[in-house]
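Okay, so here's the structure we're looking at.
In this chain, residues are counted from 1 in sequence order. Every number for a ligand or one of its atoms is a count from 1 in the order of the listing.
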Amino acid sequence: MTQLPPQLHYLHHDQLSTLCLENVSIKQLATQVDTPFYCYSKAGLVNNISACKAAFEPENIHIHYAMKANSNLSLLRIVAEQGLGVDIVSIGEMQRALNAGFNAQDIVFSGVGKTTSELTAALRAGVGQFNVESKEELSALISVTSECQQSVSALIRVNPEITVDTHKNITTGAKGNKFGVSFNDVLPMLAAAKQSPFLNINGLAMHIGSQIHSVAPYLDAIAKIRALLNRLEAQDYPLTHLDLGGGFGIQYRDNQALNKTDSTAAQHYLTFADFANAIKSALPDWQGRLSVEPGRSLVADIGVMVSEITYRKESQPTPFLVLDAAMNDLMRPALYQANHALIPVQQPRSSLLTQYDIVGPVCESTDTFAKSVQLSSELTAGELMCFLDAGAYCAVMSNSYNSRTIIAEVLVDDNQAHVIREPITQTDLMAFEQHRRLAKI
Ligand code: LLP
């Protein structure tokens, strides 16, 4: 049977079963925090980081957390305390990383469109590694380093042009993707960088996509890159650093599997160790530095989004559960047809199931979380529900569409809970549109 995430369980008390994250009752929490809200487990995060370190560190592979997956400061502080580096894609992320306690040296700056002012700010802050994604960015970086008279280390991000079996919106290493440069561009870029007294290009970077469930595309990409490195070495450009990106897939639970009681449906999902072993096996004689940038795999299963059923709207052939959460709070289903299992906070007494469509209140038909989901027939308005595996690319992608509040985030640590982001309300947002704050241009 598909299991709940490790920190989530039903506590049986007085013939009722209530969902708890670590030792905090979600029902109790919802009396203090307005729904919908995100809720994360500190133990979940620490455990995921430990598992990741245990797999990669013995192989001498450095880990930089791709903070785009979840950049809440309280979570970042935990990641920094655990000794990981961080991968950023904007100056906003750099500010958060520094605020959370990461050393600038442990920051990798990725991204296809770093502006001159972002490059300058990152250089001044002492960011340790720039992953350069084009000839044009290389020229900009060379200019910035000579203006600031400051040396910097960089890698060239290549596009290995391989096929990855994931959602088409989240491939990044296929032909035609905007990321990285083609192999043919690398040599002229190295030659250009050699002219600069400030820019040291130490190696190559790749990131082939996200939510990848096989080691095969990593092996393909690494083999291609290894051959490129050999060619470059022969041309007198010995490179000593490979950054292999993130993309390690996780198991998103789904309602169908949660309803099943037999274990035959269980699929094998890769662990950090599987990816670490594959990387090592693809680079048996590599003496240089290796690093990875996991995002989702560190934070996805530590979080839930708690929501209340506003209406059980009877309809033929399928009733709707209209939630108080919407696509602006959790965009992944609308954007990638992603499936986040939905479970009741109070376990129903009867095992009778009904098929529902799960929707939010936003005025768009894409505001549909799931169709034809089997859930308890007892569900009615007022019932609390939890979306699972909502720690990665959920809160960070939320917005205020339909003038909705950007919802709170809560962190649970054993039997304690803390609000780690206050809700951002329309009162807050309207302040930016008030006359006294608006600049005359
Ligand atoms: N490094 C780079 C350069 C990246 O662009 C990304 C993710 C990562 C690392 C981390 O990848 P991960 O380990 O999390 O797969 N919003 C989408 C995912 C977009 C991923 C973008 N890049 C989603 O919700 O599925």
Identify the closest protein heavy atom to [atom]: which residue and atom is it, and at what distance?
atom                    : result
atom 11 (O) of ligand 1 : His207 CE1, 3.4 Å
atom 5 (O) of ligand 1  : Lys68 NZ, 3.2 Å
atom 14 (O) of ligand 1 : Tyr393 OH, 2.6 Å
atom 16 (N) of ligand 1 : Tyr336 OH, 2.7 Å
atom 24 (O) of ligand 1 : Arg332 NE, 2.6 Å
atom 15 (O) of ligand 1 : Ser210 OG, 2.4 Å

Looking at [X], which atoms of ligand 1 are within less than 4.0 Å of one of its heavy atoms?
X      : result
Gly246 : 9 (C), 13 (O)
Ala66  : 8 (C), 9 (C), 10 (C)
Gly247 : 11 (O), 12 (P), 13 (O), 15 (O)
Pro294 : 13 (O)

Tell me whether [X] contacts the main-chain N or O of [Y] through its side chain, where contact means a donor paired with an acceptor under 3.5 Å.
X      : Y      : value
Asp389 : Ala300 : no
Asn70  : Asn72  : yes
Asn277 : Ala273 : yes
Ser196 : Ala192 : no
Glu233 : Pro238 : no

For ligand 1, which part of [X] has a heavy atom less than 4.0 Å away: the side chain, the backbone, both, or neither?
X      : answer
Asp87  : side chain
Arg296 : both
Arg157 : side chain

Does ligand 1 come near enough to Gly245 that some N or O of the ligand is less than 3.5 Å from an N or O of the residue?
no
Under 3.5 Å, N or O to N or O, is Glu293 touching ligand 1 that way?
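Yes; at least one N/O pair falls below 3.5 Å.
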Side-chain contact, heavy-atom cut-off 4.5 Å: Leu141 with Phe130?
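A side-chain contact under 4.5 Å exists here.
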Does the residue Met397 have a heavy-atom contact with ligand 1, meaning some pair of atoms that are separated by less than 4.0 Å?
yes
Does NZ or CZ of Lys114 fall inside the cone over Phe109's six-membered ring, less than 6.0 Å from its centre and within 45° of the axis?
yes
Taking the six-membered ring of Phe320 as reference, does the NZ or CZ atom of Lys371 fall below 6.0 Å from its centre and within a 45° cone about the axis?
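Because its charged atom misses either the 6.0 Å distance or the 45° angle limit, Lys371 does not stack over Phe320.
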Heavy atoms of Ile212 and Phe275 approach each other most closely as O-CZ, 3.6 Å
Which atoms form the tightest heavy-atom contact between Asp220 and Ile162, and what is the distance?
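Heavy atoms only, the tightest pair is CB-CG2, 4.0 Å.
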